[in-house]
Undergrad: 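Dumping the structure here so I can ask a few things about it.
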There are 2 protein chains.
Amino acid sequence: MKKIDILKKLRSSGLRPTKQRVEIAKFLFEREKTFHFTVESLNKLLSKKSGSKIALATIYNTVHAFKTAGHLSEVEVRGNKTYFDTNVSNHHHFYDSETSELIDIDANDIIIQKLPKVPNGKKIKNVEVFINLKN
Amino acid sequence: MKKIDILKKLRSSGLRPTKQRVEIAKFLFEREKTFHFTVESLNKLLSKKSGSKIALATIYNTVHAFKTAGHLSEVEVRGNKTYFDTNVSNHHHFYDSETSELIDIDANDIIIQKLPKVPNGKKIKNVEVFINLKN
DNA sequence: ATCTAGTTTATAATTATTCTAAAGTGAAAA
DNA sequence: TTTTCACTTTAGAATAATTATAAACTAGAT
Ligand SMILES: [Mn+2]
Ligand SMILES: [Mn+2]
Ligand SMILES: [Zn+2]
Ligand SMILES: [Zn+2]
């Protein structure tokens, strides 16, 4: 991902490209594979990578702005902390509770044959499949 | 559900049948349909029903003992608070984000035709399907 | 270069949950 | 029965994730 794309992500999130935000954005989006993280893990990885300690509030704010803009999604995982996901397409997850690790499943790799009838007056927004793993 | 069953639920959870625990257990298990709740909502409903204010710590402790004993399950829902479920069989959920309401889906009402290959050395513990609703 | 709206940050506040320790109680034993 | 004591309840403190605050800073327009 080019610097120009990073700047685009920031601008489209209503964020001016400050040093901190660019560092967070590059860390999140300059990668090949999906990245699943919590604010805590992101903070640790950022500190380790560049020594520069970005305030937690800035990380929360930036991550939330990206989420609101649709550049990050949120994944529900058992536990207290919120997980974020750089994969914003419609997809599913394996969850390995041994390692607390999320693994992407492409939407096309799961086919649901039978669905229940939807409650009156409601429509399906989306379907999420969560596969818990054990050893 | 008979009083004897309530006592059974308590004993099998390693809990002596005190006044508070019996009140909580009756409220949770003496009903026909599944009951989905948070500790906060349960607390409010219990207070409203009987005026007797059971300490929050007691509600947390009792609910957790039931969960550990397998008499309650936990459901992952977007948001900060933990949801519990009196339906401990394998099943799925609709989630109506307008009303923050969970609705049970029987396991047999969803058939998954194609599943992805599981990561090496891992097995599937269970599959949870979550259907988000909109109006 | 100056100015200002937007930003960062340390710190406080909030919220859900868990812990603690003192006072209370169920039920087994005497 | 009364005694006894391990188990309970409870109020309040502690913890942990997240959000709010407000003072010091800065990007970028002028
Ligand atoms: Mn969660
Ligand atoms: Mn949740
Ligand atoms: Zn993902
Ligand atoms: Zn349910």
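Just so we're on the same page: letters track the sequence lines, and every chain starts at 1. The figures here come from the full heavy-atom set of this structure, side chains too, leaving out hydrogens, waters and symmetry mates.
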Undergrad: Counting only N and O atoms by type, is there a donor-acceptor contact under 3.5 Å from the side chain of B:T34 to the main-chain atoms of B:D85?
TA: no
Undergrad: Side-chain N or O of A:T18 less than 4.0 angstrom from OP1 or OP2 on C:dT8?
TA: yes
Undergrad: Check every nucleotide of DNA chain D for an atom under 4.0 Å from a heavy-atom of chain B, then give the first and the last such nucleotide from 5' to 3'.
TA: D:dC7 to D:dA11
Undergrad: Please state how far atom CG in B:L42 lies from atom C1' in C:dT17, giving the value in whole angstrom units.
TA: 15 Å
Undergrad: Give a yes or no on whether the backbone of B:I59 and the side-chain of B:T62 come within a donor-acceptor separation of less than 3.5 Å.
TA: no
Undergrad: Do A:T58 and A:T18 make a side-chain contact, defined as non-hydrogen atoms from C-beta onward lying under 4.5 Å apart?
TA: no
Undergrad: Checking B:K9 side chain against B:K26 main chain: does a donor-acceptor pair fall under 3.5 Å?
TA: no
Undergrad: Aromatic contact between A:F29 and A:F66, with the criterion being ring centroids under 6.0 Å apart: yes or no?
TA: yes
Undergrad: Any donor and acceptor pair, going by atom type alone, linking the side chain of A:K114 with main-chain N or O of B:N108 inside 3.5 Å?
TA: yes
Undergrad: Side chain of A:R16: nearest nucleotide among C:dG6, C:dA16, C:dA27?
TA: C:dG6
Undergrad: Between atom NZ in B:K81 and atom P in C:dA16, what is the gap in whole Å?
TA: 5 Å
Undergrad: At what angle, to 10 degrees, do the two end axes of the helix from C:dA1-D:dT30 to C:dA30-D:dT1 meet, given five pairs define each axis?
TA: 10°
Undergrad: Strictly by ring pair (Phe, Tyr, Trp, His ring centres under 6.0 Å), give each pair with a member in residues 97-135 of chain A just once, sequence neighbours left out.
TA: A:Y95-A:F130
Undergrad: Distances under 3.5 Å only, N/O to N/O: pair up the protein atoms with those of nucleotides 28-30 of chain C.
TA:
none

Undergrad: With a 4.5 Å heavy-atom cut-off, do B:S97 and B:R78 have their side chains touching?
TA: no
Undergrad: Can you measure A:Q20 atom CD to C:dT8 atom C1' for me and round it to whole angstrom units?
TA: 6 Å
Undergrad: Below 4.0 angstrom, which residues in residues 54-66 of chain B have at least one non-hydrogen atom near DNA chain C?
TA: B:A57, B:Y60, B:H64
Undergrad: Grab the CG-P distance between A:L10 and C:dG6 for me, whole Å please.
TA: 16 Å
Undergrad: Under the side chain to side chain contact (heavy atoms under 4.5 Å, CB included) criterion, do A:L133 and B:K123 qualify, and how do the steps go?
TA: CA-CA 6 Å; A:L133 297 177; B:K123 293 201 159 116; over 6 Å; no
Undergrad: Judged by each residue's nearest nucleotide on DNA chain C, which is more toward the 5′ side, A:G14 or B:K19?
TA: A:G14
Undergrad: I'd like to check B:V77 versus B:L102 (side-chain heavy atoms, cut-off strictly below 4.5 Å). Are they in contact?
TA: yes
Undergrad: Output yes when a side-chain donor or acceptor of A:N43 lies under 3.5 Å from a complementary backbone atom of A:V39, and no otherwise.
TA: no
Undergrad: Heavy atoms, side chains only, cut-off 4.5 Å: are B:K49 and B:E23 in contact?
TA: no
Undergrad: Applying side chain to side chain donor-acceptor pair (under 3.5 Å), can you list everything that pairs with A:K67, at least two apart in sequence or on another chain?
TA: A:E74
